[in-house]
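Just so you know, ligand 1 is whichever comes first in the structure, and atom 1 is the first atom listed for that ligand.
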Amino acid sequence: MGILELQELSYSYDKKTNVLNGINVEMEAGKMYAILGPSGCGKTTLLSLLGGLDSPTNGRILFNGINIEKAGLEMHRKKHISFVFQSYNLIDYMTPQENVMLTTKSPALPFLEQLGLTKEESKRNVLKLSGGQQQRVAIARALASEAPVILADEPTGNLDEDTAQDITRILKASAHEKGKCVIIVTHSGELAKQADVIFRLKKGHLQVVTDQAR
Ligand SMILES: Nc1ncnc2c1ncn2[C@@H]1O[C@H](COP(=O)(O)OP(=O)(O)O)[C@@H](O)[C@H]1O
Ligand SMILES: [Mg+2]
């Protein structure tokens, strides 16, 4: 049984066209999944359903076998999911340490150091960090949260190529070493190659491009 199961998942904004059209997929803990697809194909819509920010028009999402609607979307959002966004979404009047402390009672510094930030950087205002460093803080916050699923919506969209590779490697390590289920939306076929499973979202269907885990 996967940690996330999508069953006949469909979504429509206007009741005419389905952005998502009967998706059946299982995702497991300890793996990184990449979702590729052109702008407007429904990637963000899919992540928002997985994150319990919205409800499907049809079908269901199971978390460890239980329908997230029945368990409660608020609980699902709080306990199961952490988001990483293209725009980092840090609290910008706080330091990295304070941002990480929002999701954990454990000491924040080890999470930040693990992601390559120095003690000094961890105490700086986040706006005085580079984009790559800010995204490391966002990932540290996600890892500190204990949520078993990380949903990353184009997390490297604003970063240079080397930093993007690095951030993708860190997300992959979160899956392989910490057992997270990491789902990353990207435009980059190159970055997607790091994933265990690559999906392409096309006409509302999620097609497996490669499954390196099998
Ligand atoms: N709130 C909304 N209301 C109506 N249509 C929307 C809304 N959000 C997104 N869409 C449409 O749904 C489709 C999928 O959007 P989105 O999930 O954001 O795609 P992607 O993330 O792949 O670029 C697009 O055609 C978009 O215009
Ligand atoms: Mg999007």
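A donor-acceptor contact closer than 3.5 angstrom links the side chains of Y11 and D54. No hydrogens or angles considered: a donor-acceptor pair under 3.5 Å links the side chains of R60 and Q7. A donor-acceptor pair shorter than 3.5 Å cannot be found between the side chains of Q165 and E190. Neither side chain, T186 nor S188, offers a donor N or O lying under 3.5 Å from an acceptor on the other. Looking at N58 and E8, their side chains never bring a donor and an acceptor atom within 3.5 Å of each other. No side-chain donor-acceptor contact under 3.5 Å links H80 and N64.
What sits closest to atom 25 (O) of ligand 1 on the protein, heavy atoms only, is G40 O, 3.6 Å. Considering only non-hydrogen protein atoms, atom 16 (P) of ligand 1 sits nearest to T45 OG1, 3.7 Å. From the protein, the heavy atom lying nearest to atom 3 (N) of ligand 1 is Y13 CD2, 3.4 Å. Distance from atom 18 (O) of ligand 1 to its nearest protein heavy atom, with residue and atom name: T44 CB, 3.8 Å. Atom 19 (O) of ligand 1 has its closest protein heavy atom at G42 N, 3.2 Å.
At a cut-off of 2.8 Å, T44 is counted among the residues with an N, O or S atom near the Mg ion (ligand 2).
Each of the atoms 12 (O), 14 (C) of ligand 1 lies under 4.0 Å from some heavy atom of V19.
Protein non-hydrogen atoms do not reach within 4.0 Å of atom 27 (O) of ligand 1.
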